[in-house]
Amino acid sequence: MNFFNYINGEWVPSINGETFQNLNPANNTDVIGNFPQSTAEDIDKAVKAASKAMKQWKNIPAPKRGDIIRKAGDIFARRQQELAEIMTREMGKTITETRGDIQEAIDTCYYGATEARRLFGYTAPSELTNKMNLSIRTPIGVCGIITAWNFPIAVPSWKIIPALICGNTVVLKPSEESPHSANIFAEILEEAGLPKGVFNVVHGASVAGSALVEHPEVKVVGFTGSTATGKKIAGRCGELNKKCSLEMGGKNVQIVLEDANMELAIDGVLWGAFGTTGQRCTATSRLILQDTIYDDFINKLLTRATKLIVGPGNDNNTNVGPVINEKQLNKIHEYVRIGREEGALCVLGGDREFKDELGLGTFYKPTIFIDVTPSMRIFKEEIFGPVLSVIKVSTFEEAIEVANDCEYGLSSSIYTKDVNKAIAAVHQLETGISYINAPTIGAEAHMPFGGVKGTGNGHREGGWTAYEIFSEWKTIYIDYSDTLQRAQIDNY
Ligand code: UN1
């Protein structure tokens with residue numbers, strides 16, 4: 001089957017006719033289809049359409065824009081099951097999780113529709129008489145959105161919906177691993193009544209992504225992906241004076257203190273480390289245990305982790321779906337080799353999963369390393385797969401120190417019943433998100449999402465903070481005194 005770009009409300013092939021193929025990671029003989037391998041020319045066409053559409057879209061009152069977005073939320077809800085199946089087929093995670101992914105977009109739409117009626121500015125008293133000061137949010141221009149495959153609907157929605165609510169137009173360059181979901185996003189916005197050209201999808205690889213960043217009419221770049229690519233984008237955006245919001249890598253940590261509810265902490269780490277096959281930027285990839293519970297916790301964790309079922313995401317029994325592709329699988333396996341070489345003990349998994357029919361896909365066994373030390377690469381670097389590194393500490397203070405010894409800062413979690421330690425931990429952990437007695441994954445659409453250190457560049461998607469990224473402030477002074485009043489001069 002052939003799929004197309006969505007430009008100015010039309011489904012079109014790439015200008016040069018080139019395509020790429022997308023495969024089901026659970027079964028590489030299942031070809032989802034061919035998608036346009038777009039170049040700078042396709043990007044230019046889409047950006048021009050988006051630029052033209054700005055004139056109409058920005059003048060529609062924000063609450064009316066919100067009505068369209070609310071309707072999009074309704075359509076996402078109506079198509080949730082169908083879209084979940086499409087998403088599972090192209091990127092692998094279980095249907096329960098792909099339904100959750102779409103739920104996050106539904107929540108983002110409904111939240112966005114309410115934000116359209118706020119978009120609050122500030123009023124402040126003037127220092128002069130018969131003069132008033134206020135500030136309002138204004139749209140910025142065409143937003144270039146580049147997203148990853150692990151949350152094909154939720155993560156794009158975090159950027160696209162606020163961008164549209166603020167009165168901007170959008171060109172989305174989705175990951176080559178989840179292009180079909182992006183096209184459904186376009187279908188849904190079209191059905192909701194979005195005017196032509198306001199939202200566009202251009203498929204392709206880094207050629208298309210770079211062209212989007214470089215295009216002079218793109219004023220804001222929103223990116224989710226690796227830290228290496230994000231930093232390059234930020235560099236270019238700096239040179240080109242573009243606003244740029246980055247969501248990059250993570251190396252998230254769960255701390256379990258000796259007084260914790262152990263079963264709850266095991267539930268948390270199993271979900272955090274092996275949900276979405278560990279392919280979340282919020283996935284738990286480091287587990288810090290207090291020495292007094294270390295052996296017991298590991299034994300119990302292993303008993304439970306051994307029971308995880310690896311399989312295709314569309315099988316109701318599956319807990320852990322495939323990894324996205326062969327390249328990623330090889331990267332994970334290389335980290336496992338490095339972990340062994342560094343002297344950590346692999347007590348579960350550590351190999352590709354071939355059982356039954358799984359050899360046709362890219363499956364990896366849930367993997368646990370124990371006796372890990374903070375200097376090991378498996379404890380420091382993002383693996384983006386079902387690999388958990390466990391480390392032993394003796395005190396709360398040491399746990400925090402080890403947790404913070406990390407170049408990333410997205411999500412952290414602590415399990416303890418000691419309220420003082422729990423609160424102290426969330427203040428001391430250097431991450432954008434912290435959980436108490438809950439896993440490192442589970443962000444909600446209406447709260448700020450993002451990280452510190454190597455994870456982000458100071459912006460937060462999700463919630464009201466996303467509206468900061470996609471709007472510009474306009475300050476307005478209204479002088480109704482009928483005289484020339486010189487600020488800083490006539491009043492002092
Ligand atoms: C991501 O991994 O890119 O909190 C996003 C979570 C999800 C979002 C993850 N709600 O894990």
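None of these values were measured; they are calculated from a predicted model. Below, each value reflects all heavy atoms present in this structure, side chains not excepted, and no hydrogens, waters or symmetry copies.
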Salt-bridged, [X] to [Y], with N to O below 4.0 Å?
X	Y	answer
Glu430	Lys453	yes
Glu263	Lys300	no
Arg89	Glu85	no
Asp259	Lys421	no
Glu407	Lys251	no
Lys331	Glu334	no

Closest heavy-atom contact between Phe449 and Ala443?
CD1-CB, 3.4 Å
To check you understand the geometry: which heavy-atom pair defines the closest contact between Leu289 and Ile298, and what is its length?
CD1-CG1, 4.0 Å
Under 6.0 Å between the ring centres of Phe4 and Phe35?
no
For a side chain to side chain contact (heavy atoms under 4.5 Å, CB included) check, start with the C-alpha distance between Asp371 and Tyr294, then their side-chain angles and the critical distance, and finish with the verdict.
CA-CA 10 Å; Asp371 297 348; Tyr294 188 75; 2.9 Å; yes
Less than 6.0 angstrom from the centroid, inside 45 degrees of the normal: does Lys93 satisfy that with respect to the ring of Phe151?
yes
Does the cation-pi check pass for Arg280 over Trp271, that is, NZ or CZ under 6.0 Å from the six-membered ring centre and within 45° of its axis?
yes
Result block: side-chain N/O donor-acceptor pairs under 3.5 angstrom for residues 384-394, not counting sequence neighbours:
residue	atom	partner	partner atom	Å
Ser389	OG	Ile378	O	3.3
Ser394	OG	Glu398	OE1	3.0

Mutual orientation of the aromatic rings belonging to Phe185 and Phe76 [parallel < 30°, tilted 30-60°, perpendicular > 60°]
perpendicular
Polar contact flag, side-chain donor to acceptor under 3.5 angstrom, [X]-[Y]:
X	Y	answer
Gln254	Arg286	no
His203	Asp42	no
Asp44	His215	yes
Thr416	Asp418	no
Thr318	Thr94	no
Glu326	Thr362	no
Thr440	Ser413	no

Taking side-chain hydrogen bond (donor to acceptor under 3.5 Å, both in side chains) as the definition, give me every residue that meets it alongside Glu90, ordered by chain and number, with sequence neighbours left out.
Asn22, Ser181
Passes side chain to side chain contact (heavy atoms under 4.5 Å, CB included), Lys219 versus Lys242? Steps please.
CA-CA 5 Å; Lys219 304 296 178 199; Lys242 296 185 183 199; over 6 Å; no
Donor-acceptor check, side chain of Ser14 to backbone of Glu18, threshold 3.5 angstrom: yes or no?
yes
